[in-house]
Structures are given as C-alpha cells and as structure tokens.
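Contents: one structure, followed by commentary.
Every chain is numbered from 1, with letters handed out A, B, ... down the list of sequences. Remember, predicted model here, so these are calculated numbers, not experimental data.
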Amino acid sequence: MSADLQNRAVQAVELARGAGAAEAWATASQGRDVEFEYRDGALEKVKDTTSRSLNINIYAGGRYSSHQTTDLNPQRLQSFVAEAVAITRALEPDEHRSITPAELFNGRPTVDLDLVDAAVAGITREQRLAWCEELDKVATAHDRVISATAGIYDGTLNSASASSNGFTGTHAETYCWYGTSITLMDQGDKRASDGYYVGGQHVASLPAAAGVAQTGLERALNRLGTEKGPTIKTSMIVDAQAAGSLIGRLLGPASARRVHQGQSFWADLIGKQAFSEKLTISDDPLIRRGFGSRLFDSEGISAKYLPIVENGVVRNLYVDTYHGRKAGMAPTTGSASNIVIAPGKLSLDGLLKEVGNGVYVTSWLGGNADQTTGDFSLGLRGHMIENGEIGRPVGEMNVTGNLRDLFSQLELVGSDVYKYSSTLTPSLVFGGVDFSGA
Amino acid sequence: MTIKRRDFLGHMAAGSAILTMPAFLQGCGVQTATAISGATPENPFMTWFGVDQATTARVMSELTASGADTADLYFQHSRTNSLTLEDGIVSAANSSIEQGVGLRVVVGEQTGYAFTEDLTMPSMLAAARTASAIASGSGEVAPQSFNPLGTGNLYQISVPWSDVGIDQKLPVLKFVEKKARSMDPSIDKVAVYWADADERVMIATLDGHLVTDHRPMTRITVVVTARKGDEVQTGYSNIAAREEFGWYTEERLTTMVKEAVDRTLIQFEARRPPAGEMPVILASGASGILLHEAIGHGMEADFNRKGTSIYSDMIGKKVAEPFVTVVDQATIPRERGALNYDDEGNAAGRTVMVENGILKSYLHDKISAKQYGLQPTGSGRRESYKYSPMPRMSCTFMEDGPHTKDEIIAAVDHGIICETYTNGQVQIGAGDYTFYVKNGWLVENGKVTAPIKDVNIIGNGPESLKRITMVANDARLDTGGWTCGKNGQSVPVSQGIPTVLVSKMTVGGENVS
C-alpha cells in the first residue's frame with residue numbers, strides 16, 4: 001500500500017515537472033472507512049467505503065498553486081496536471097512562494113509512533129454488531145429513553161508524499177471509535193440528550209463498550225431538568241472534555257499567518273508574560289499513539305517538540321514556511337500536532353472543593369471569538385457549583401470576555417487529562433468570569 | 001447542527017483557479033468514456049460520467065439484489081477553483097476535482113451505503129454488493145432503463161465557470177482590494193478570497209427516473225484589517241450565489257466592500273452590551289439565522305421520526321402569533337440554497353413549516369415521508385457522493401408581517417438590534433440554540449444609540465417563537481455564503497427574515513455586577 005502510494009506521488013511530481021513546474025510536491029492518499037449505526041434494537045446504517053485522492057502543489061516562475069483530484073484516470077490526470085501548471089503561470093509572482101527548503105526535511109525522527117493496529121482491518125461485521133448490541137443494551141436501560149443510537153466508526157488512512165527537492169515520506173494510521181448518543185424525555189416537550197464516544201488507533205486499547213454506554217447514559221441523565229442559570233460574575237471550571245475547544249480558540253490565531261495578516265491578538269507577544277503563570281502549552285508531535293502524532297508535517301518539516309507557552313510566557317507560534325518568510329520568522333510548523341496543556345495536581349473533585357461556588361461547564365453551544373482582539377462570547381451547558389459539589393444542571397447561558405484576559409485569570413489546572421483528543425488538556429479553573437443567564 | 005460562515009481560512013488552503021485553454025478544456029470540459037466498451041450513451045450526463053442505460057441498470061440490479069424499498073445511484077463531478085489575494089498580490093490558486101458515485105439501498109429505516117471514485121463496471125458492482133448487504137430479502141426488479149426528467153431552470157448560466165479564465169477573475173480581486181483601501185486611511189490589510197464551482201449531478205432511482213442537474217456556485221469574501229494607534233480591528237463581508245461571472249458588477253462588489261469596511265471601523269467604537277435577558281430586535285436579512293437554528297433544524301424529519309426533536313409532537317399546534325409564517329423553499333432562482341431537485345431525485349419545492357402561527361410540516365426525505373405516509377418535500381440533501389442524504393434546509397425565511405421597522409424600534413425601551421452574524425448552533429432535543437452577533441446596536445428609549453459587538457445570544461426554540469411579538473414588512477434574503485453542517489455533512493443554504501422583535505432572549509455581555 002505505502003509503496004504504491006509513494007510511487008503514485010513520485011510519478012505525480014515527475015508529471016508536474018514534465019509539464020513545466022520548477023518544483024512540485026505531491027501527496028497520494030487512500031482510506032477505508034466503515035460506519036455502523038444501530039438504533040433502538042436494529043441496525044440502521046452501514047457504510048463501507050474506500051476513497052483516494054491526489055494532491056499536487058506546483059511552484060513555477062515564483063508562483064504557487066495547489067490542486068486535488070479523486071479522478072486518477074492516467075490520461076485525465078495528465079491533462080489535470082498540465083492545466084494546474086498553466087493556472088500557476090497565470091498568477092502573479094510572489095518572491096516568498098517557494099518549496100520547503102530541503103534542510104527542513106533533515107533530522108526526521110525515527111521513533112515508532114505506534115499508530116497502526118493490524119487488527120482494525122480485521123474487524124468483522126459480527127464484531128461491530130456485537131459492540132452495537134452491547135452499547136444499545138446499556139444505553140436504553142432507562143425508562144426515560146426515547147432513542148439511543150450506537151455508532152462504530154473504524155478505518156485506515158494511508159498517505160505518501162514526494163517532492164522535486166528530495167522529500168519522500170509515508171504516514172499510516174488506523175482508528176476505531178465507538179459510543180452512543182442518547183435522548184431522554186424531559187419536562188414538557190423538552191428532550192435531554194448527550195452521549196459518549198471513545199476511540200484510538202488500537203482496538204485492544206478501548207474500554208469495554210458497556211462502560212462507554214453507561215457513561216453516555218449518565219451524561220444524558222445529568223441533563224434532565226436543566227434550567228436557565230443566573231447572570232453572575234463568578235468562578236468557572238471548564239471540564240477537561242470541554243476545555244479542548246477553548247484551548248483551540250485560544251490557539252486559533254497563534255500563527256505567523258494570522259499575525260502577519262493583522263488578525264491575531266498574539267502579535268508581539270513572544271517573550272512576554274501574556275497569560276497566567278499556570279498556563280503551559282506545547283505542541284508535541286511524537287507522543288506514542290497520539291491523535292495528532294506525526295514524523296513530518298504537511299510541508300515535510302521534520303517533527304519536533306515545540307513549546308508555545310511556558311508558565312504564561314509566549315515562546316513560539318505556528319510558523320509555516322511561506323508566512324515565516326513574509327513575517328521574518330523561522331519556520332516551526334504551520335499546523336498543530338498534539339497540543340499538550342501541562343497538568344496540575346488536583347483531581348476534578350479537588351478543583352470543585354477549591355472553587356467552592358461557581359459554574360462547571362461540561363459543553364459549549366455555539367459562540368465565537370474575534371481572533372484579532374480576543375473578544376469571545378460562548379453558549380454553555382453545565383452545572384452550578386455549590387459548596388464544592390456539582391449542583392443543579394444549567395443551560396441557556398453565555399460566558400463572555402476576552403481570551404487573553406481569561407487565560408490571565410487561569411487560577412488552577414487539574415490533573416484529569418481528557419484522553420480522546422489531539423488536544424490533551426485537564427479541567428481548567430478561571431476566576432471572575434462574566435456569565436449571562438436569567 | 002451548526003451553521004457558519006465558510007471559513008475563509010479553510011479556503012486559503014483550498015485556493016484555486018481556472019484557465020480557458022485547449023489543454024484545460026480537454027482535461028476537464030469533456031470526459032472521454034471510461035472502460036465500458038460499446039457504450040452508446042444518449043444523455044449528455046451519461047456521456048460525462050462514461051456510463052449508459054445498460055450499465056446503470058446493471059449496477060442498480062446488483063444494488064437491489066437483496067431487496068430495497070428505495071435505492072439510488074448518485075453520480076457527481078464537482079470542480080472548485082479558488083484564488084487568494086493577500087498583501088496586494090494574487091499569489092495562490094487551488095483547483096479541486098471530486099468525482100464518484102454513491103450507491104444507496106434503503107429497507108424500512110435501514111440504509112446501506114457505499115461509494116467509488118472509479119467509475120468502471122467492476123468497481124461500481126463491488127460497491128453495489130457492499131451497500132446491498134444491509135438487505136436480506138429477495139431481489140427487487142430493477143428498471144431496465146431510466147427515464148430522464150426535465151432539467152430545472154433555477155440557475156442556468158450563459159457561460160460555465162470552466163470557460164472563465166484567470167485573466168478575467170484577477171481584475172475582480174484587484175478591484176475589491178483597491179476599493180477597500182480607498183475607503184479609509186486606517187485600512188492596513190486587505191485579503192480577498194474567490195471561489196467558483198461547477199457541479200454535475202446525475203441520479204438514477206429505483207423507480208426508473210434519471211435526474212440531472214448542473215449546479216454552479218460562486219462566492220467572494222473580503223477581509224479588512226484596520227489599525228488606529230495600537231488598536232487593530234478585523235471585519236469581513238461576503239456574497240455567494242448560484243450565479244455566473246457577470247453577477248460580479250462593480251456596484252455589487254462595492255456594496256460588499258463597503259459593508260466590510262463599515263463593519264470593521266464601527267468596532268473601534270463598539271462595546272459589549274450589558275449581560276442578561278432583554279428584548280432583541282433582529283434586523284432584516286441575515287437574522288434569518290434565528291429561523292435556521294430556533295426552528296429549522298428541529299423540523300428536519302429525521303429527528304422527528306426518531307422522536308428526538310423538541311418539535312416531535314407539535315404538528316398542528318399553535319407555536320407563534322398568527323402573523324408568523326416560516327417557509328423553507330429551494331425554488332428561489334440563483335440563491336445559494338436553491339435546488340432544482342434534491343439529492344434523492346425529488347423535485348425541490350416549498351414547505352411551509354409554520355403557517356399563521358400553526359406548526360404545519362416537517363422537512364422530509366424519502367425515508368421519513370414513507371414513515372409518515374406523506375410525499376417527500378424535496379429536502380433530501382447530501383454534501384457529496386461520499387454521503388447518504390438526510391432532510392436539510394435550503395432557503396429558510398419568514399414572510400412579511402403587519403408592523404414596520406420603525407414601530408419595532410420605537411417599542412423597545414432597553415434592548416439591542418442584531419445586524420451581522422458569524423455562526424449559530426442548536427440542540428435538537430432541548431431546543432436551546434445560539435447565534436453569534438458580530439455587529440449590532442443598543443436600543444434605548446425607542447432609539448438606536450451605541451454600537452455593540454461580539455456577543456453570543458442564546459434562547460430556546462419554541463419559547464422564542466412564542467416571544468416573536470412584532471414582525472415588519474421588510475423581508476429579504478441574505479446574500480452571504482452560509483454553509484450548514486449536520487452529522488458531518490456541509491451544504492450551502494440561504495436564509496432571510498423581516499425585522500422582528502423577540503421580547504426576551506439571553507444576551508452575552510460584560511460588566512456583570
């Protein structure tokens with residue numbers, strides 16, 4: 001598989017060079033995905049697909065363009081590439097556009113990231129059905145359940161890249177996820193719903209399906225009787241699972257591209273104490289079985305550990321080669337791998353006790369942030385924290401503020417890292433947060 | 001279950017462009033038949049995909065060999081081109097071709113699905129066998145030929161995007177950039193993102209129909225960054241439609257640029273409103289996001305046939321004042337959400353979801369329509385051949401009411417007006433929904449006073465419908481490039497509304513005491 005894809009990528013680079021490209025980068029990929037969904041005692045959907053694509057980046061005469069196709073018919077591919085080169089030539093020249101310098105390919109790590117489990121390709125229909133039945137049995141074991149859908153999602157992704165200046169590399173990973181979404185009858189016409197899913201590259205690493213469904217059911221039961229919370233300034237605990245997307249909003253503009261385009265509150269922060277000293281964030285591409293692990297990035301830059309924030313001081317941004325040249329910054333990598341928040345010592349219970357009273361956020365509902373100013377406003381669901389305990393469920397509330405201010409008000413970091421994400425963060429505690437509700 | 005502006009960052013990576021030249025036309029304009037020998041296809045779409053009646057019938061027969069209530073082959077070829085202007089130069093382009101056939105079998109509520117990007121007989125037959133494994137009955141009698149239905153005329157364009165060269169598009173991006181820079185000396189950066197797409201869809205159904213549709217789409221986005229001293233603000237605007245190149249008149253582009261510049265500059269003065277519950281006026285146009293989130297998703301019949309929507313037991317009940325009528329209509333010419341046929345091959349139409357305050361109809365696909373014993377509403381949509389269809393919105397709007405915009409503003413003592421939005425989301429079961437307001441105004445003592453920005457608004461669908469106390473007579477559809485996401489599938493949509501007063505919603509704000 002990898003050898004076939006590598007050949008396909010190398011041939012695409014040759015095709016592009018033959019058509020007049022000065023430099024070219026190609027990635028060939030292929031994937032198999034299987035999806036089983038099972039609802040209320042019966043199989044509802046089976047999807048089984050194999051897909052493929054070819055990406056080509058072309059550099060010609062100081063110009064650049066990128067192209068993708070799923071049509072690999074050799075004759076049509078040839079004209080697709082010829083046209084891609086012609087498109088490139090019709091653009092305006094840009095001195096900063098050039099292929100990744102070959103020296104950035106050097107020093108590629110050789111560690112085994114352990115991202116492939118041969119057992120995934122061997123998962124049988126019977127196994128998927130057995131998981132579905134186990135999930136369904138537990139998820140529907142409550143008289144308020146209106147509907148529960150169990151889902152099994154597994155597959156394999158293979159890709160290979162090649163460049164005209166000497167890069168070759170392959171990436172492969174498998175995945176298997178399962179869990180349930182559950183809807184319960186609540187007051188009046190309202191339904192309470194939630195769910196829980198787990199996943200990994202390795203089938204044997206997954207917790208038993210019954211326990212996953214039990215967690216999903218408990219999460220849904222916790223939503224019963226949700227009422228609108230108060231308008232209040234208080235402390236906020238963001239649950240480890242919900243914290244990932246908040247970290248994503250914080251890091252969204254932490255790139256050379258955003259800074260150079262004048263669309264980032266991270267401009268001019270390198271070396272400065274921009275956030276609470278409790279905050280330490282790194283990008284670590286080499287975590288064994290990490291969901292974002294890789295040996296090289298999409299530009300071929302060899303993977304390495306990258307500190308982003310250390311004790312609140314900004315150390316690095318995400319810098320791709322093009323915007324790095326424009327902004328006068330050395331390239332790091334243009335895209336996140338595994339984002340790691342340094343954990344603290346307290347469990348969630350410990351955080352709750354420490355906080356005493358406030359709002360415990362378990363998930364977000366909509367909202368957004370202005371990446372230039374950091375101003376944000378987010379809808380949320382969760383619980384009131386009362387005397388160090390999780391209290392009544394609340395929803396229909398917003399939390400509003402500024403991301404830089406918020407992460408300066410980070411008071412505590414938990415020890416309860418959420419595992420099923422490429423953003424590895426524990427629960428986070430913020431002081432003095434503005435909530436709007438009733 | 002989210003609706004959001006097309007992320008122009010995401011588009012950067014997918015930049016692209018097209019040229020009118022022989023090599024190009026040969027490559028993409030006309031395809032040669034694939035490996036099917038002896039094919040004498042008469043339909044131009046069949047020619048395009050390199051199949052004929054006999055091949056299609058053979059694959060359908062394999063697909064339904066173990067039984068089917070409904071089944072379809074969804075052939076699709078889409079080509080997207082985009083261009084990026086940053087720092088004064090158009091220095092990135094992207095082109096993308098996606099081609100494949102999706103094969104679906106439905107038995108009761110069960111769906112088997114597979115697709116292949118290799119349109120040869122062996123690959124299509126293998127995919128058909130995979131999809132058919134959902135069924136375990138006796139074979140259906142598949143049609144021997146497929147009867148072409150008439151082509152729709154909602155978005156015929158005189159010059160296909162494949163014939164529009166980069167040399168024509170570049171001046172448009174340049175014009176937008178120069179126009180933006182000319183509007184205010186504080187403007188520091190201007191970025192322009194262009195996209196055009198040609199999509200060909202051919203659907204062969206188990207009941208012997210052949211539906212073909214040629215769907216153009218285009219969008220332009222301008223992002224403006226202004227700097228005043230140490231303060232920096234960014235704003236943007238975009239327009240999108242199933243249109244042709246000539247749609248981009250100087251007037252239309254200038255209006256869009258002015259919107260982006262105005263939205264950016266006003267943020268230097270704008271503040272956060274106070275937090276909490278208050279009356280909210282929704283300005284006409286993009287505020288249709290309220291309908292999309294507060295009711296539209298909850299009316300998609302897949303949720304209702306499963307009983308998981310808050311609207312599951314409300315058909316026929318009064319949900320709003322008599323002057324509230326909410327419609328989803330795909331048959332509005334050239335709108336971003338317009339469709340001649342849905343992605344199951346049903347004629348697209350107009351569905352009145354709320355008529356004079358009474359909840360009337362869900363949005364159905366074939367599966368839910370059969371379960372409810374109704375005709376499909378033409379709402380079965382999918383992102384591409386890679387996905388099975390489900391009920392979705394198209395162009396969702398509220399009809400005019402009896403009030404005027406001025407009357408509505410005068411009726412509010414202390415509240416806000418919402419004008420522009422970036423995104424929204426809804427929980428189908430609880431009915432809670434949100435949308436993010438990028439720009440708006442405070443209303444005090446019946447007058448519009450200070451600008452506000454960056455607040456999330458949250459409410460409950462059925463409660464908010466009941467609280468629509470005034471509806472003006474200025475309904476209009478928004479021309480923004482809205483994209484709706486549901487269960488991992490994105491589809492283009494439109495939305496609109498007249499000026500509306502919701503008597504109470506929760507506004508995200510600061511300065512909580």
Side-chain angles (χ1 to χ4, degrees), chain A residues 43-49 51-52 63-71 73 76 79-80 82-84 86-88 90-92 94 97 146-147 183 189-193 226 231-233 261-263 365-368 370 372-373 375 377-379 395-398 400-401 434-438, chain B residues 17 19 21 23-24 26-27 89-100 109-115 117 130 134 166-167 188-189 191 225 232-234 272 275-277 306-308 310 313-314 422-425 427 429-432 434 436 454-456 458 460 506-510 512:
Chain A
L43 195 58
E44 181 165 59
K45 183 178 174 188
V46 172
K47 185 174 169 182
D48 186 340
T49 62
S51 63
R52 62 189 191 185
R63 295 157 169 92
Y64 159 82
S65 66
S66 65
H67 309 269
Q68 299 88 43
T69 183
T70 63
D71 185 358
N73 172 289
R76 288 197 297 272
S79 46
F80 177 77
E83 178 200 334
I87 285 172
T88 314
L91 296 172
E92 296 177 303
D94 180 345
R97 291 280 185 198
I146 298 172
S147 183
T183 301
D189 284 300
K190 287 195 180 185
R191 274 82 169 150
S193 55
T226 296
T231 298
I232 189 173
K233 185 190 276 290
Q261 290 302 303
Q263 298 166 5
L365 187 67
N368 209 334
D370 182 315
T372 305
T373 61
D375 287 347
S377 186
L378 305 170
E396 222 185 314
M397 292 172 78
N398 292 308
T400 300
D434 285 337
F435 292 93
S436 56
Chain B
L19 273 188
M21 52 186 299
F24 175 69
Q26 188 188 349
I89 44 179
V90 180
S91 76
N94 177 277
S95 72
S96 171
I97 288 179
E98 276 201 310
Q99 173 177 278
E109 291 186 82
Q110 296 183 298
T111 299
Y113 200 81
F115 68 79
E117 283 141 347
T130 302
I134 192 85
I166 271 193
D167 55 336
D188 182 43
K189 293 269 187 183
T225 298
V232 184
Q233 295 288 350
T234 303
R272 250 59 181 278
E277 293 182 327
K306 299 173 189 175
T308 60
I310 194 163
D313 305 311
M314 289 193 197
T422 60
N423 58 293
Q425 195 177 353
Q427 282 173 258
D432 289 354
T434 75
Y436 188 84
D454 292 310
V455 288
N456 202 43
I458 196 159
N460 181 271
T506 296
V507 176
E510 285 178 332
V512 176

For Y436(B) and S377(A), what are the C-alpha separation, side-chain angles and deciding distance, and is it a side-chain contact (heavy atoms from CB on, under 4.5 Å)?
-> CA-CA 8 Å; Y436(B) 188 84; S377(A) 186; 3.9 Å; yes
Step-by-step side-chain contact (heavy atoms from CB on, under 4.5 Å) determination, R76(A) to I97(B) | CA-CA 11 Å; R76(A) 288 197 297 272; I97(B) 288 179; over 6 Å; no
Test K190(A) against N460(B) for side-chain contact (heavy atoms from CB on, under 4.5 Å), laying out the working first.
-> CA-CA 10 Å; K190(A) 287 195 180 185; N460(B) 181 271; 3.6 Å; yes
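Comparing L365(A), L378(A), T226(A) by heavy-atom pairs within less than 4.5 Å of chain B, the highest count is held by L365(A). Across T434(B), T506(B), D432(B), the residue that shares the most heavy-atom pairs under 4.5 angstrom with chain A is T506(B). Of the listed residues G307(B), S91(B), G508(B), the one with more heavy-atom pairs under 4.5 angstrom with chain A than any other is S91(B).
For the atom pair CG (D188(B)) and CD (Q261(A)), the distance works out to 9.5 Å, reported to the nearest 0.5 Å. D189(A) CG to M314(B) CE: the interatomic distance, rounded to the nearest 0.5 Å, is 3.5 Å. In this structure, E109(B) CD and K45(A) NZ are separated by 14.0 Å, a value rounded to the nearest 0.5 Å. A distance of 5.0 Å separates CD of Q263(A) from OG1 of T234(B), quoted to the nearest 0.5 Å.
The backbone N or O of Y113(B) lies less than 3.5 Å from no partner atom in the side chain of D48(A), so there is not a single donor-acceptor pair.
For a residue to count as touching a neighbouring chain, one of its non-hydrogen atoms must lie under 4.5 Å from one of that chain's; by this rule A192(A) does not touch chain B. Only the side chain of I134(B) comes within contact range of chain A, judged by heavy atoms closer than 4.5 Å. For T225(B), the part lying under 4.5 angstrom from a heavy atom of chain A is the side chain only. For chain B, no part of R63(A) is nearby; none of its heavy atoms comes within less than 4.5 Å. For chain A, the nearby part of K189(B) is the side chain; its heavy atoms alone come within less than 4.5 Å. When heavy atoms are compared at a cutoff of 4.5 Å, D454(B) approaches chain A by way of both its backbone and its side chain.
Side-chain atoms of T183(A) and T308(B) form no donor-acceptor pair, as typed in the model, at a separation below 3.5 Å. Side-chain contact, T422(B) with N368(A): a donor N or O sits under 3.5 Å from an acceptor N or O.
Across every non-hydrogen atom of K306(B) and S147(A), the tightest pair is O-CB, 3.6 Å. Closest approach of G437(A) to E277(B), counting heavy atoms only: O-CG, 3.4 Å. Of all the heavy atoms in V507(B) and N398(A), the pair that sits closest is C-ND2, 3.9 Å.
Residues L43(A) and Q110(B) meet the side-chain proximity criterion, which asks for heavy atoms closer than 4.5 Å. With contacts defined as side-chain heavy-atom distances shorter than 4.5 Å, the pair L91(A)/I166(B) qualifies. Using a 4.5 Å heavy-atom cutoff, the side chains of T373(A) and Q233(B) are in contact.
Ion pairing between a basic and an acidic side chain is recognised when a charged N comes within 4.0 Å of a carboxylate O; D313(B) and R191(A) show such pairing.
Among the candidates T49(A), D71(A), T70(A), the single residue satisfying the side chain to side chain contact (heavy atoms under 4.5 Å, CB included) test with E117(B) is T70(A).
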